[in-house]
Number of protein chains: 2
Amino acid sequence: MTHFLVRKLESFGPLPKDDVELIESLTSSAQGVKAHSDIIREGEAPGDVNLILGGFAYRYKLLKDGSRQIVAYLLAGDFCDLHVALLGTMDHSIAALTEVQLVKLPRESVLALLGRAAISRAMLMATLVDEATLREWLANLGGRSAEQRVAHFFCEWHRRLRAVGLAGDGGCELPLTQQEIGDTMGLSAVHVNRSLQALREKGLLTLRGRRLLIPDMKRLCAACDFRPNYLHLEAAVPAV
Amino acid sequence: MTHFLVRKLESFGPLPKDDVELIESLTSSAQGVKAHSDIIREGEAPGDVNLILGGFAYRYKLLKDGSRQIVAYLLAGDFCDLHVALLGTMDHSIAALTEVQLVKLPRESVLALLGRAAISRAMLMATLVDEATLREWLANLGGRSAEQRVAHFFCEWHRRLRAVGLAGDGGCELPLTQQEIGDTMGLSAVHVNRSLQALREKGLLTLRGRRLLIPDMKRLCAACDFRPNYLHLEAAVPAV
DNA sequence: CGCTGGATTGACAGTAGTCAAGACCGGTGG
DNA sequence: CCACCGGTCTTGACTACTGTCAATCCAGCG
């Protein structure tokens, strides 16, 4: 079960055998969460840290006017709320996009993990990648047109899913409504619709059911200036 | 000199004496950087990690169309590029806003620091706060009007400066041109100008020279829905 | 087959960008 | 002390992108 965590952390470099054993010895309780329900809400500070095993979730913030800004998507292997263990309170909420399977790690376990330098370091690296992604999103919202924004988002989505084996060269699942895409890109649902149509007319992508098809990834990347360097997928371990 | 780093890290909780000694034993070379020059550029992967001692800097990304998106401001005590030590390559650039004093830590030193669990953990916490700030910026760009965006940015700026002793209740330094504010908020300089005028007319702020005055912080916060929880300034150390 | 949520459309409103001219301001050299 | 300069800040006119509202269409489902 916690293999997942080992795999995630070791994607940044091997862990000492001790550390792997520690992780695998942790007690944890799995549970399922229904689609569209909250996993944790802004302001909460519960004792456990959630780790996604399967399904998709997203981080979001509610604004005063009632609108919602989605600020990240979580895939299998991602931490939901390390923040809670370290910073005390959630400054945003997390909800399940699809049905989600997650494991809850008691906070003490997480703190024990952080007592291991190699694990702590791997978590820091994971956090740095998340941060880099947020910076790219910021550039996306601040500097690109609606059409480019959406295209860029799809490129990233596909790339991330491919990294965890959930996408082939042709396409991938995309369990999002246009409203949700809009909440992600700071656009209205109507405008997302129009942008999608423009992209379709250019033959840059197909969207059928909940499935995204990208006939020519190169062309799409070129159209929206997508350069995946910020995802640090090679995640080379720097030699010490 | 490296006291700075100790202070930064201990803002998240005390460090073991060993760790403090390690930090203070590190060799480091200070240097100055002229205003408006780059400190490090996207794609680079040099050996040293920079730490800001004084002055202001900012992270930015260049987009295909030549526009620039500023994605963070760095104050005294902030790390410029931990990324380089851990992830290998910069995915964005950093430039000096004003004249900046920084110390360069050799990468091996940084990796040694990360070998200490408590230090590694404090760095993780610092990174989590940066991440939270990026999420709030994303919500700011995605969900608020131009006027609110700018107001929110000023609230945050003042709050952060106050946290490091650079702002009083009345106001603080703001060494930014309207163009730079625009590059930060995804707005044109002209529109920033108009938004500022609106805010001034409402009596929410004054901007003279490079100085920002906020007569009534409460009112400004209310106007832009600024809630500083995401800065985690109290940074309570969670009891183990 | 009728519902229901999501996707599409069209008309219209409003926000933000662009371009270009002119005012202002601090610093420089005479 | 003053004129000059370059960079910012302001302004106005105009354009273009994006949002809003509301009706309609469509596909999956009980």
Side-chain angles (χ1 to χ4, degrees), chain A residues 34-37 63-70 97-98 140-154 173-201 205-213 223-224, chain B residues 34-37 63-70 95 97-99 140-154 173-201 205-213 223-224:
Chain A
K34 280 206 304 283
H36 310 301
S37 60
L63 302 182
K64 194 175 47 172
D65 68 359
S67 68
R68 168 182 72 162
Q69 177 68 39
I70 294 176
L97 180 63
T98 61
N140 207 23
L141 292 217
R144 297 200 183 96
S145 70
E147 204 178 310
Q148 286 181 309
R149 272 185 229 180
V150 175
H152 189 281
F153 172 61
F154 287 168
E173 203 181 345
L174 185 80
L176 291 169
T177 66
Q178 296 184 358
Q179 177 65 56
E180 284 158 344
I181 297 174
D183 287 348
T184 307
M185 313 306 291
L187 297 168
S188 67
V190 171
H191 205 64
V192 167
N193 185 286
R194 289 194 262 251
S195 305
L196 288 176
Q197 286 178 51
L199 291 169
R200 278 193 282 235
E201 261 153 39
L205 53 83
T206 315
L207 216 41
R208 275 206 339 282
R210 309 262 86 140
R211 206 159 170 77
L212 167 69
L213 295 173
C224 63
Chain B
K34 281 207 303 283
H36 309 301
S37 60
L63 302 183
K64 192 176 49 173
D65 67 359
S67 68
R68 167 182 72 164
Q69 177 68 41
I70 294 177
L97 180 61
T98 61
E99 186 180 349
N140 208 23
L141 292 216
R144 293 198 257 258
S145 69
E147 203 179 312
Q148 286 181 310
R149 271 186 231 181
V150 175
H152 190 280
F153 172 61
F154 288 169
E173 204 180 342
L174 185 80
L176 290 170
T177 66
Q178 296 183 358
Q179 177 65 56
E180 284 158 343
I181 297 174
D183 287 348
T184 308
M185 315 304 290
L187 297 169
S188 67
V190 171
H191 205 65
V192 167
N193 185 285
R194 289 195 259 254
S195 305
L196 288 176
Q197 286 178 51
L199 290 168
R200 278 193 282 237
E201 261 153 38
L205 53 84
T206 315
L207 216 40
R208 276 205 337 283
R210 308 261 89 140
R211 209 164 166 73
L212 167 70
L213 294 173
C224 63

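Atom set for the values below is all heavy atoms of this structure, side chains included, hydrogens, waters and symmetry mates excluded. The sequence lines fix the lettering, A, B, ..., with proteins before strands; numbering per chain opens at 1.
Counting only heavy atoms from C-beta outward, the side chains of A/E180 and A/L97 approach each other to under 4.5 Å. Contact check for B/R68 versus B/D183: side-chain heavy atoms found under the 4.5 Å cut-off. Contact of the B/L141 side chain with the B/R149 side chain is registered, since non-hydrogen atoms from C-beta on lie closer than 4.5 Å. The shortest side-chain heavy-atom distance between A/R144 and B/K64 does not fall under the 4.5 Å cut-off.
If you check every strand for non-hydrogen atoms under 4.0 Å, A/R144 touches nothing. Across all strands, B/G186 comes closer than 4.0 Å only to sugar-phosphate atoms, never to a base (heavy-atom distances). Among the heavy atoms of the strands lying under 4.0 Å from B/L187 are primed sugar atoms or P, OP1, OP2 only; no base atom is included. Using a 4.0 Å heavy-atom criterion, one finds that A/R210 contacts the sugar-phosphate atoms exclusively.
Computed from coordinates, the A/H36 NE2 to C/dG5 C1' distance equals 10 Å when rounded to whole Å. For A/L176 and C/dA7, the CG to C1' distance is 15 Å, given to the nearest whole Å. Distance B/L196 CG to D/dT11 C1': 15 Å, rounded to the nearest Å. Rounded to whole Å, the distance from CZ on B/R208 to C1' on D/dC9 is 16 Å. Regarding A/L174, its CG atom lies at a distance of 14 Å from the P atom of C/dG6, rounded to whole Å. B/H191 has its NE2 atom 17 Å from the P atom of C/dC19, to the nearest Å. Atom C1' of nucleotide C/dA16 and atom CD of B/Q148 are separated by 15 Å, given to the nearest angstrom. Taking atom CD1 of residue A/I181 and atom C1' of nucleotide D/dT18, one finds them 17 Å apart after rounding to whole Å.
Side chain of B/R194, nearest nucleotide from C/dT9, C/dA16, C/dT18: C/dT18. Side-chain proximity of A/Q178 to C/dA16, C/dT8, D/dT18: nearest is C/dT8. Side-chain atoms of A/T177 lie closest to C/dA7 of the nucleotides C/dT8, D/dT18, C/dA7. When each of C/dT8, C/dT18, D/dC21 is scored by its nearest atom to the side-chain atoms of B/V190, the top-ranked nucleotide is C/dT18. Of the listed nucleotides (D/dT10, D/dT20, C/dG17), D/dT10 has the atom at the smallest distance from the side chain of B/Q197. The nucleotide whose nearest atom lies closest to any side-chain atom of B/S145 is, among C/dA7, C/dA16, D/dG12, C/dA16.
Separation of atoms OG1 (A/T206) and CG (A/L196) is listed at 11.5 Å; rounding is to 0.5 Å.
Look at A/R200 and you'll find a side-chain N or O under 4.0 angstrom from OP1 or OP2 of C/dT8. The shortest distance between the side-chain N/O atoms of B/N193 and the OP1/OP2 oxygens of D/dC9 is not below 4.0 Å.
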